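Keep in mind that this is a model prediction, so the values were computed, not measured.
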Amino acid sequence: MRAVVARNLEGRGINLHPRTNLTQLIKTENGIKVITDHGEELIADVVLFATGKHTIEKKYRYVEINNSATPGRAPNSKRLNLEAVGVELNNAGAIKVDEYSRTSIPSIWAVGDVTNRMNLTPVALMESSCFAKTVFNGESSKPDYSNIACAVFSIPPLSVVGLSEEQAIEQTIGDLLVFTSTFNPMKNTISGRQEKTVMKLVVDAQTDKVLGASMCGPDAPEIIQGIAIALKCGATKAQFDSTVGIHPSSAEEFVTMRTVTRRVTGSGKPKTNL
């Protein structure tokens, strides 16, 4: 799926530099000279450096970028002075909580990105709802992080729910059935754009349960949100197959994939990044 996104971005004229970090930004008369950790020099009009905890001031002529810091966002907990009351943090600065979101201090609870569990807004809402049920309604409720759909809003977008093929290989014992479909969506056929939509289902061969679904193409997040309900209910591939599709739509492809693309055996399963 990552390869599909990369190809589609490149097809729109975007040059990708994978496995590359920026080390220097130098303001010149022709723009901003970007120095990478591979020694490449690129000239750009604007640089948006949004991969970590770095701030770049436009007024500076020369900026040295420290890439030694842990990449990605860090929990915003430093100014809360939690150590003063005994709330434990992990090495990343995230608040340690139990499965019910209770901290090391029984009267203090924490939800959302500051706990660094699954950093998505809807997940924080779920954690908050479980907290409210547990504390105020007397219903012991803990967040369920299985089959949470997510999306990358690239062009076209990528969306996934459940296990990827790689995760399924690592977490299951028996054989896996992988179903894939690649096609030109109707809007691209009419416009002449050569940009493929790709869909994928990962199925447990023994139980017929659908373990994961992924899609790259127009409206992928909208479609995968519906698929997430099916996975949450434990849908099988047979139930997918028995569902009548909406025609013409891309979504109907998820209920018409009948032919196994490949079978991954339980012993000596191959590794994959798909």
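- With no hydrogens or angles considered, no side-chain donor-acceptor pair links Ser101 and Glu127 at under 3.5 Å.
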I would like to know whether Thr23 and Asn21 meet side chain to side chain contact (heavy atoms under 4.5 Å, CB included); could you show each step before the answer?
-> CA-CA 6 Å; Thr23 57; Asn21 288 311; 5.6 Å; no
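- Between Ile32 and Ile43, every side-chain heavy-atom pair lies at or beyond the 4.5 Å cut-off.
- The minimum heavy-atom distance between Pro75 and Ala92, with the atom names listed, is CD-O, 3.4 Å.
- Clustering of Ile, Leu, Val, Met, Phe, Trp and Tyr side chains at separations under 4.5 Å places Ile148 together with Met118, Leu120, Val123, Met126, Tyr145.
- Under the 4.5 Å side-chain heavy-atom criterion for Ile, Leu, Val, Met, Phe, Trp and Tyr, Val4 and Phe254 are members of distinct hydrophobic clusters.
- The backbone N or O of Thr236 lies less than 3.5 Å from a partner atom in the side chain of Gln239, making a donor-acceptor pair.
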Worked check of salt bridge (charged side-chain N to carboxylate O under 4.0 Å, His left out) between Glu99 and Arg117
CA-CA 10 Å; Glu99 57 187 352; Arg117 287 176 283 184; over 6 Å; no
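- Cation-pi contact between Lys237 and Phe179: present, with separation from the ring centre below 6.0 Å and deviation from the ring axis of at most 45°.
- Between the OG1 atom of Thr197 and the CZ atom of Phe183 there is a distance of 4.5 Å, given to the nearest 0.5 Å.
- To the nearest 0.5 Å, the span separating CD1 on Ile105 from CD1 on Ile95 amounts to 11.5 Å.
- In this structure, Met199 CE and Ile224 CD1 are separated by 7.5 Å, a value rounded to the nearest 0.5 Å.
- A continuous path of Ile, Leu, Val, Met, Phe, Trp and Tyr side chains, each step under 4.5 Å between heavy atoms, connects Val260 with Met257, placing both in one hydrophobic cluster.
- At distances below 3.5 Å, at least one donor-acceptor pair connects side-chain atoms of Ser128 with backbone N or O atoms of Ala124.
- No side-chain donor-acceptor contact under 3.5 Å links Thr182 to the backbone of Val198.
- No donor-acceptor distance shorter than 3.5 angstrom exists from the side chain of Arg263 to the backbone of Leu176, with no hydrogens or angles considered.
- The hydrophobic clustering, which links ILVMFWY residues whose side-chain heavy atoms are closer than 4.5 Å, places Ile227 and Val202 apart.
- With contacts defined as side-chain heavy-atom distances shorter than 4.5 Å, the pair Ser164/Gln167 qualifies.
- At distances below 3.5 Å, not a single donor-acceptor pair connects side-chain atoms of Thr243 with backbone N or O atoms of Val255.
- Rounding to the nearest 0.5 Å gives a distance of 8.5 Å between CG of Asp98 and OG1 of Thr103.
- Checking side-chain atoms of Asn90 against main-chain N and O of Gly93 turns up a donor-acceptor pair under 3.5 Å.
- Residue Asn137 places its CG atom among more than 12 non-hydrogen atoms of other residues, nucleotides or ligands, all under 6.0 Å distant.
- In terms of modelled atom types and a separation under 3.5 Å, the side chain of Ser159 and the main chain of Cys150 share a donor-acceptor contact.
- Residue-environment remark: CD (Glu40) exceeds the threshold of 12 foreign heavy atoms within 6.0 Å.
- Side-chain contact check for Ser146 and Asp144: at least one donor-acceptor pair (N or O, by modelled atom type) lies under 3.5 Å.
- Side-chain atoms of Asp204 never come within 3.5 Å of backbone atoms of Val210 as a donor-acceptor pair (strictly under, hydrogens ignored).
- Leu125 belongs to no hydrophobic cluster, as no Ile, Leu, Val, Met, Phe, Trp or Tyr side chain comes under 4.5 Å of its own.
- Remark: the backbone N or O of Glu195 is not paired with any side-chain donor or acceptor of Asn8 at under 3.5 angstrom.
- Here the straight-line distance linking atom CG of Leu89 with atom OG1 of Thr115 works out to 11.5 Å at 0.5 Å rounding.
- Between the side chains of Asp113 and Asn116, no donor-acceptor pair is found at a separation under 3.5 Å.
- Under the 4.5 Å side-chain criterion, counting only non-hydrogen atoms from C-beta, Trp109 is in contact with Thr134.
- Side chain of Ser104 to main chain of Gly86: a donor-acceptor pair is present (N/O by atom type, distance under 3.5 Å, no hydrogens or angles).
- Considering CG of Leu82 and CD1 of Ile108, their distance stands at 7.0 Å, rounded to 0.5 Å.
- Placement of Leu201 and Met1 in two distinct hydrophobic clusters is found when ILVMFWY residues are connected by side-chain heavy-atom separations under 4.5 Å, directly or transitively.
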